[in-house]
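Okay, so here's the structure we're looking at.
This is a predicted model, so every value here is computed, not measured. Just follow the structure's listing: the first ligand is 1, and inside any ligand the first atom is 1.
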Amino acid sequence: MKNFTRRQFGKTLGGAAAAMMASTSLPPIAFAQTPSPQLLRFPPKFLWGCATAAYQIEGAVSEDGRKPSIWDTFAHTPGKTFQGQTGDVADDSYHLYKEDVRLLKSLGAGAYRFSISWPRIFPDGKGQPNEKGLAYYQRVVDELLKNNIAPFVTLFHWDLPQALPGGWQSRDTAKAFADYAGYVAKQLSDRVEHFFTMNEFASFIDSGYKSGEFPPGLKLPDAEVNQARHHAVLAHGLGVQAIRANAKPGTQVGLAENATVFVPVIETREHIDAARRATREENAPFLTAVMEGKYTEGYLQREGSNAPKVEPGDMKIVGSPLDFVGINAYTPEYVRAPESSAGYVVEPRQSSFPRMASSWLFLGPEVMYWAVRNVSEIWGPKVLYITENGCSADDVVTADGRVEDTDRVMYLRNHLTHLHRATSEGYPVKGYFLWSLMDNFEWAEGFSKRFGIHYVDFKTEVRTPKLSAGWYREVIAKNAVE
Ligand code: PNW
């Protein structure tokens, strides 16, 4: 081999590079080293959607015969929501729904998860249905179908009719829910294939009857909280049966539940098993009861004399078979193996744990994978959906009117990467609904927390796509995340 001095070596290379630059812009060596992009592809027909809920977007609270829900009463009670804000107008989707469908269309979304306001359909909770209220949802469904977007309907997303005495403390509310669910299923199932009974038991029971942050704003003793929880899962079961009895054959019934998701601290057998045990036990009053048709021994023992009073036949109703399970997944808990009689230990969160704009929204993208895997391994549902995932961010509107929410894009990219892992390992997760299509009334936090991929100016109701909307459009177009 010929000996080059350092200088000559440099010169020779420089000369070769310059010669190549003259013909092509990159030397062949660079082409050889550029990998072809490996997109994380989702299975064919994977369903991409967005989610919203009635009281958070509709406004028009006293139009066409609607009467108050407990959220109207609560939001109008001083001190209950951020700066006393209410859903009186919200996104005015009651009037602007066609525009919202256009937003979905321009994303390329295949599905839209929205909820029906019970007090629009039965303003007094029961009795005479209000046809004008139903007609609004007929219009929404028509508009979606015209645009090839599948409607996924949530029957209860927290806006309980104020008129129902005792709310979820009353067993009669479960019966009223079933009547409402059966009626809506009968009216809409010719064109709506997927129904969710409930959205997030813990959010409307524990936050409403235990911590009091949500309506009716009560802080009840444990026995009464457990009883309200039981009425809610009973309502779900009665609702499933009423939908099946009234809907077109083939209608798919499930729920959207924010089960606590446990991530093993290290992916070893012992911690993975611990995550499974934690999933069953920590979700005992809700998802476990619904999937198994019984309360776990652990739950009954822990609650002792405060355990719910269960009537004969209740648990069979609670455990009515489902066509799919929807999981709302935001923040995981980390869990390790045993050293406790329960067989798992939940790790405390450090003060440095990263989070998004909502104080509770800690980042843990593995939540997507473990939500699907834990639920699949424990109960083996035929089909799962991620019925909510997304984040609040401190969005800034630039001088020229753009919202460059790079933090939300980072959040979504990481979560979808972990969801991709679940699909690639063959778990039957069939779709993803991003929370939310647009900024909206974030419950007790009013309009102070923005979860949308479209920015809403609440003075003008103008919707503007954020960077994240453009990013999601690419994901949907490619059926893949990069
Ligand atoms: C869900 N947490 O609520 C609801 O289904 C939506 O209506 C809501 O806007 C969205 O998530 C964002 O908050 C949650 O404290 C509320 O873990 C609180 C929690 C999780 C979900």
Side-chain angles (χ1 to χ4, degrees), residues 49-58 69-71 74-75 81-82 85-87 90-91 93 112-118 152-160 196-208 210-215 232 236 254-263 282-283 286-287 325-334 346 349 353 355-364 367-368 371 385-395 408 411-412 415 432-454 456 468:
C50 290
T52 61
Y55 189 67
Q56 295 181 273
I57 65 163
E58 286 177 1
S69 75
I70 59 174
W71 263 101
F74 189 77
T81 62
F82 176 80
Q85 292 171 346
T86 73
D91 292 327
S93 278
Y112 180 42
R113 175 176 173 240
F114 62 97
S115 85
I116 291 190
S117 163
W118 181 350
F152 277 59
V153 168
T154 310
L155 290 160
F156 184 69
H157 202 126
W158 311 354
D159 43 358
L160 189 72
F196 306 93
T197 54
M198 301 289 174
N199 183 72
E200 300 192 351
F201 292 114
S203 297
F204 68 88
I205 299 292
D206 292 36
S207 299
K210 188 178 159 89
S211 72
E213 293 159 286
F214 286 178
H236 155 81
L255 83 177
E257 172 61 343
N258 63 331
T260 309
V261 175
F262 293 90
V263 175
E282 300 283 316
N283 294 298
F286 302 128
L287 189 61
V325 172
I327 301 289
N328 296 356
Y330 290 93
T331 289
E333 298 288 339
Y334 293 85
V346 181
R349 234 187 290 275
F353 212 97
R355 64 167 180 80
M356 300 302 291
S358 303
S359 58
W360 55 269
L361 220 180
F362 295 98
L363 267 165
V367 72
M368 301 299 279
Y385 293 100
I386 296 297
T387 33
E388 282 182 31
N389 171 248
C391 67
S392 49
D394 295 335
D395 295 327
R408 184 176 282 105
Y411 175 101
L412 294 171
H415 281 74
Y432 171 88
F433 293 85
L434 197 159
W435 185 275
S436 181
L437 174 64
M438 58 195 163
D439 299 333
N440 56 50
F441 179 74
E442 177 56 12
W443 307 113
E445 311 210 83
F447 301 101
S448 69
K449 295 288 179 280
R450 293 177 176 272
F451 275 81
I453 57 172
H454 293 90
V456 177
S468 53

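Counting protein heavy atoms only, atom 10 (C) of ligand 1 is closest to Tyr330 OH, 3.4 Å. For atom 4 (C) of ligand 1, the closest heavy atom belonging to the protein is Glu388 OE1, 3.4 Å.
Around atom 16 (C) of ligand 1, the closest heavy atom drawn from Phe362, Trp360, Trp435 belongs to Trp360. Looking at Glu213, Glu200, Glu442, Lys449 and measuring to atom 13 (O) of ligand 1, the nearest heavy atom belongs to Glu442.
Ring planes of Trp435 and His157: parallel class, angle under 30° (limits at 30 and 60°). Phe286 and Phe201 have parallel rings, their planes meeting at less than 30° on a 0 to 90° scale where 60° marks the start of perpendicular. In this structure, Tyr330 and Trp360 have perpendicular ring planes: the angle between them is above 60°, well past the 30° mark.
The nearest pair of heavy atoms linking Ile327 to Ala371 is CG2-CB, 4.0 Å.
Ligand 1 lies within reach of Asn199, whose nearest heavy atom is under 4.0 Å from it.
Near His157, meaning under 4.0 Å from any of its heavy atoms, are these atoms of ligand 1: 4 (C), 5 (O), 6 (C), 7 (O). Taking every non-hydrogen atom of Trp158 and a distance limit under 4.0 Å, the qualifying atoms of ligand 1 come out as 3 (O), 4 (C), 5 (O). Atoms of ligand 1 lying under 4.0 Å from at least one heavy atom of Phe451, given by number and element, are 12 (C), 13 (O).
For ligand 1, the polar-atom distance check finds no N/O of Asn258 at less than 3.5 Å from any of the ligand's N/O atoms.
No donor-acceptor pair under 3.5 Å is formed between the side chain of Asn440 and the backbone N or O of Ala90.
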Arg450 vs Glu442, salt bridge (Lys or Arg N to Asp or Glu O under 4.0 Å): CA-CA, chis, key distance, verdict: CA-CA 8 Å; Arg450 293 177 176 272; Glu442 177 56 12; over 6 Å; no
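The six-membered or imidazole ring of Phe152 lies away from that of Tyr112, with a centre-to-centre distance of 6.0 Å or more.
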